[in-house]
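Index from 1, following the sequence.
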Amino acid sequence: MKIAIFGNSSFVLEALSRLDTQQFQVIYADTDNERLAKAHDLGLATQTLDFRSDEDLIALGIGRDIEMLFCFFKQDYDNVFLTISARTIDPILRIIALVDDPQSAHKLIAAGADKIIDPYQICAHRMHELIRKPHLIEMLDHTVFGRQDLSLEEILITQDSSLQQTQLSELKVQQTHNLIILGVIDQEQGPDMKFVLGDEDHKLDAGDILVVLGPTQAIQRFTDETQHEKTD
């Protein structure tokens, strides 16, 4: 997936540092040489261009091969302007925009943004969860959150998988691979994911799909280790 990121907020470099550049092709576009140099130091492709120019946006790849756009400017009116311009060029482009003033959220939606990120709302929710569920939040922080390479992946249980006929309760992936199993998709029961909750268990069969959350390399290692049948 090819992703373009614009913006001059403090949120930008933090977001850039957490992207998996091996999984995504990321381009940071700006006119500020210092910000471009910092993005380059993070291993990202950079391009100097003016987001107010449709020609520059098209040259970047919007309307051609850019699949996702992040609008992370400090000023809401800049995010609205970029969203309108990009949406006009590419009606199916996925656009995620940062909002500073919650009152501007409806403007961004009207401009064509698919999703709005409100940092203040996220922080308030985080504080609320820390108060209500301190032990759960601490566990998540020590397992997956805060990792720069966090991924959500589907793992297909094949005919050759060592996980066939294994109960979910037998998988100790948090301890062995630093992963969390969110749920399982049993194709015989339909396409919806069944969340792993409570004491209810599930026996894995070929065709089932495990949905796991964790570091990318840990997911790949777990997949590699379980794609073959068990040997005595």
Side-chain angles (χ1 to χ4, degrees), residues 1-123 125-126 144-153 213 215-217 219:
M1 177 183 290
K2 196 170 184 179
I3 300 171
I5 299 180
F6 289 77
N8 52 16
S9 70
S10 58
F11 197 78
V12 173
L13 287 178
E14 177 65 21
L16 292 175
S17 69
R18 293 176 179 273
L19 287 170
D20 183 354
T21 54
Q22 294 183 342
Q23 185 175 1
F24 304 107
Q25 185 179 354
V26 183
I27 300 176
Y28 176 65
D30 204 337
T31 55
D32 184 274
N33 290 330
E34 183 177 350
R35 287 193 294 268
L36 288 167
K38 289 180 179 178
H40 183 268
D41 290 342
L42 293 171
L44 301 173
T46 60
Q47 189 163 330
T48 303
L49 59 81
D50 183 359
F51 74 93
R52 298 175 183 83
S53 167
D54 285 355
E55 289 77 13
D56 281 3
L57 296 179
I58 293 171
L60 179 67
I62 292 178
R64 186 177 66 251
D65 55 0
I66 296 292
E67 298 178 53
M68 184 176 292
L69 170 67
F70 287 88
C71 308
F72 282 171
F73 289 105
K74 293 179 182 178
Q75 299 82 9
D76 288 339
Y77 54 80
D78 283 338
N79 289 323
V80 170
F81 186 96
L82 177 55
T83 298
I84 291 174
S85 299
R87 179 58 70 216
T88 301
I89 297 169
D90 188 348
I92 65 172
L93 176 68
R94 181 159 177 77
I95 302 175
I96 293 89
L98 191 69
V99 64
D100 181 60
D101 182 356
Q103 298 298 320
S104 298
H106 71 282
K107 297 178 183 177
L108 281 161
I109 294 296
D114 296 290
K115 185 173 180 59
I116 306 300
I117 297 176
D118 183 344
Y120 302 105
Q121 185 181 53
I122 292 173
C123 289
H125 177 72
R126 175 73 170 178
V144 292
F145 294 134
R147 296 296 299 260
Q148 295 187 9
D149 57 350
L150 181 65
S151 294
L152 179 66
E153 297 288 348
L213 181 69
T216 304
Q217 291 185 352
I219 294 175

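Note: Leu36 CG to Asp41 CG = 11.0 Å, rounded to the nearest 0.5 Å. Atom CZ of Phe51 sits about 6.5 Å away from atom CG of Leu82, to the nearest 0.5 Å. Taken from CG in Leu108 to CG in Leu98, the straight-line distance is 9.0 Å, to the nearest 0.5 Å. Here CE of Met68 is found 10.5 Å from CD1 of Ile95. Values are rounded to the nearest 0.5 Å. Interatomic distance, CG of Asp114 versus CD1 of Ile109, reported as 8.0 Å (0.5 Å rounding). Here Ile92 contributes atom CD1 and Arg87 contributes atom CZ; the two are 9.0 Å apart, rounded to the nearest 0.5 Å.
Shown here for Thr83 and Ala113, the closest heavy-atom pair between the two residues is CG2-N, 3.4 Å. Minimum interatomic distance between Ile3 and Ile66 (heavy atoms only, all atoms of both residues): C-CD1, 4.5 Å. Scanning both residues, Tyr28 and Gly7, for their nearest heavy atoms gives OH-O, 2.6 Å. The shortest non-hydrogen separation linking Val26 to Leu44 is CB-CD2, 3.8 Å. Heavy-atom minimum distance, Ser85 versus Leu57: CB-CD1, 3.8 Å.
Gln47 pairs by the side chain to side chain contact (heavy atoms under 4.5 Å, CB included) definition with Ile27, Leu49, Leu60, not counting sequence neighbours. A search for side chain to side chain contact (heavy atoms under 4.5 Å, CB included) contacts involving Asp32 returns Asp30, Glu34, Arg35, not counting sequence neighbours.
For the pair Asn8 (side chain) and Lys74 (backbone), a donor-acceptor distance under 3.5 Å is present. Looking at Asp100, its side chain never comes within 3.5 Å of a backbone N or O of Asp76 through a donor-acceptor pair. With hydrogens and angles disregarded, no donor-acceptor distance shorter than 3.5 Å links the side chain of Asp90 to the backbone of Ile62.
Within 6.0 Å of NZ in Lys107 there are 12 or fewer heavy atoms belonging to other residues, nucleotides or ligands.
Between Phe81 and Phe73, a ring centre-to-centre spacing not shorter than 6.0 Å is recorded.
Between Met1 and the options Arg94, Gln25, Glu67, a side chain to side chain contact (heavy atoms under 4.5 Å, CB included) holds for only Glu67.
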After noting the C-alpha distance and the side-chain angles of Phe72 and Ile117, does the key distance pass the side-chain contact (heavy atoms from CB on, under 4.5 Å) rule? CA-CA 9 Å; Phe72 282 171; Ile117 297 176; 4.1 Å; yes
